[in-house]
Amino acid sequence: MRLSVLFPRSLRSAPAETDVAGHQLLLRAGYVRQLTAGIFSALPLGARALHRIEAIVREEMDAIGGQEVLLPVVHPAELWQQSGRWQAIGEELVRFRDRGGRDMVLAMTHEEVITDLARREITSYRQLPLCLYQIQTKFRDEPRPRAGLLRAREFAMKDAYTLDLDLAGLRVQYARHYTAYHRIFSRCGLTDLLAVESDAGMMGGTVAHEFMVPSPIGEDVLVVCDHCGLAANRQVARFVKPAPAAEAPAPLERVATPGAATIEDLTRLLGIGPERTAKVVFFSADLGPGAEPAASAAGAATSPGTARPAAREVLVMALVRGDMEVEETKLTNLVGARWLRPADSERIRAAGAEPGYASPVGLRPGAVMVVADDLVAASPNLVAGANREGIHLRNVNCGRDFEPDRVGDIAAAAAGAPCPRCGAALALRRGVEVGNIFQLGTRYSEPMGATYSDAEGVLHPVVMGSYGIGIGRILACVAEAHRDDRGLRLPLAVAPFAVHLVRLGGSSAEVDGAADRLVAELADAGVDVLDDDRDVAPGVKFADADLLGMPLRATVSPRSLAGGGVELRRRDADDSQVVALGGAAASVQGRLDELRAEAARLVVSPGYPAPGPG
RNA sequence: CGGGAAGUAGCUCAGUCAGGUUAGAGUGCACGGUUCGGGACCGUGAGGUCGGCGGUUCGAAUCCGCCCUUCCCGACCA
């Protein structure tokens, strides 16, 4: 490829549309352009890089028995109504009607379509197990796209689905994906990777892992144990809670606490530690359309329009100890809500509580769903509000003074909390989710009726798994991880071209002759070369070579020829070497082999369960 | 959806507070010349519904109102 005709030009200054360094470089170097919020065009360099990533994904998916398919982007609403997600998913699922007035959706994932295929095509146990995958566009109308390709609304995703006879079969395929995913990410140059236990979220199912690239620009908070390797998304991370004080319940007493509406004020006023208090946080929870989440209710309960059943909102009072924070995902899962949002003061007062002085003690039964963290339930003699401004209660005891509707772990793991496995101090880290794997079980096959008959002719629901990889996110993470102040520094496996050829010295016949010969020889050898044939100053060429980020630079100039031939320089090195003109192509291949060997040493394929989750 | 910031040339930005000739700079682009190993230099030129609509005013990029878009923080999220 000649740089003189490559679309588009590089930019000298970064467009002001983000402050994420890796994304700025992808913009400046001309890999991508933003069309509108969260929607991007991949330009020639970006498209090539994405294709390189996809090729790696295909190799590894094929290696574990995956069969590639290509599924539709537009689905009839019926499928999503049958799975229940037409109701369960909010505005991020784009709905529209076709000209015939049928409700349609833009695919944000493909469990429904796969399950539909399975129920039509799979009849016998002899057809299983199966692993189908595709690389295809997803659309999710994210409320807040950010950081370029990191959180886009439209993006390419590799999604795989396994179909098995039973849980044992699912576990086998799940473990294969676990290993394959490590290989995929490490081959792409994302060698710093954590597989963490995660929330199943809208996918449903039970066991799930997310593959996280640690990075300060990440949106997820990871709880990791550097001692034993345990790692989890903070949304589900367990930790050892301190033992409650060993004392007998004391009589309840009122105490005047004017102006102490926060835990901080309260502890100062009363001279106690925050661990002696109960903190109340109110949420409005949508418990969904009703008891029937799926199949039967779906079709009938939904009006022909795009309307969805109204939210069933309840006020939730979450109780954690004063020295802890509520983890909203844990709370959401415990109460079985579709979503939570902070409750407003009006709603809180209507339930008989007083913001800042709220507690479950003496509340009208049924006015609010009281959810207590297990530590609060076990802790004696806490200070809590009296539901009257300026007054708190001492010696509040769960079970005696109030009865929670739910008790469970709803507290967020904090840095330094003991690891539930080995007891060492846990650390918090931010990460970017580049992939995830879910054991769905029969979450979709049951409501949608995807069954097979076993050897005895008995029908069973197909047992499913679902496995995603964000192709664009990989590129974004690679750009973020492999760069310096001059530009990108891409790994050979992902770079659009292996070699960036810099021709200097104007239209010197000697230079062009040597460069042309090198290009031809490399082309014969199947090496992708980006040939800077432009008539611009050397500084411009070198600056662009650094910006665009190909792993190996070859310079042909009067100076290099006088020095013996072609100058080779790795993008990640400070020094260069001149190699003989005659063997230049072989020398280039030697360097590329060297890069490949280095990368190969970084490829990991851990078995499951890995050192981490357990 | 809540909070904050911004929208002026392809890109990065000044100008807006305090209304007043023909709206500027850098960079990029075109042309000519010089130069040729780290975004070099000189000259000439093209390039603008000042996000949109409405209002105030003799006069609006500038003041007021409404709207749109983008970015950041939060909420949300495979």
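For B:C77, its base sits under 3.5 Å from the side chain of A:Arg151 at one donor and acceptor pair at least. On a pure distance criterion of 3.5 Å, a polar donor-acceptor pair joins the side chain of A:Arg553 and the base of B:G38.
Distance alone, capped at 3.5 Å, is enough to place a donor-acceptor pair between the A:Glu480 side chain and the A:Gly22 backbone. Checking side-chain atoms of A:Gln136 against main-chain N and O of A:Lys158 turns up no donor-acceptor pair under 3.5 Å.
When the nearest nucleotides of RNA chain B are assigned to A:Arg559 and A:Glu142 by heavy-atom distance, the more 5′-ward of the two goes with A:Arg559. Comparing A:Gly148 and A:Phe155, the nucleotide of RNA chain B nearest to each residue sits closer to the 5' end for A:Gly148.
Within the structure, a side-chain polar atom (N or O) of A:Thr36 is placed less than 4.0 Å from OP1 or OP2 of B:U70. Regarding contacts with the backbone of B:C73, a side-chain N or O of A:Arg146 is found under 4.0 angstrom from either OP1 or OP2.
With B:G37, B:C72, B:G38 as the choices, the nucleotide that has an atom nearest any side-chain atom of A:Arg569 turns out to be B:G38.
A tilted orientation is assigned to the rings of A:Tyr174 and A:His209, their planes being inclined by 30° to 60°.
A:Arg28 comes within contact range of at least one nucleobase, with a heavy-atom separation under 4.0 Å. Counting any heavy atom pair closer than 4.0 Å across all strands shown, A:Gln34 reaches sugar-phosphate atoms only and no base atom. Looking at heavy-atom distances under 4.0 Å, A:Ala562 makes no contact with the nucleic acid at all. When heavy atoms are screened at a 4.0 angstrom cut-off, A:Arg153 is found touching no nucleic acid atom at all. Using a 4.0 Å heavy-atom distance criterion, A:Asp159 is classed as making no nucleic acid contact.
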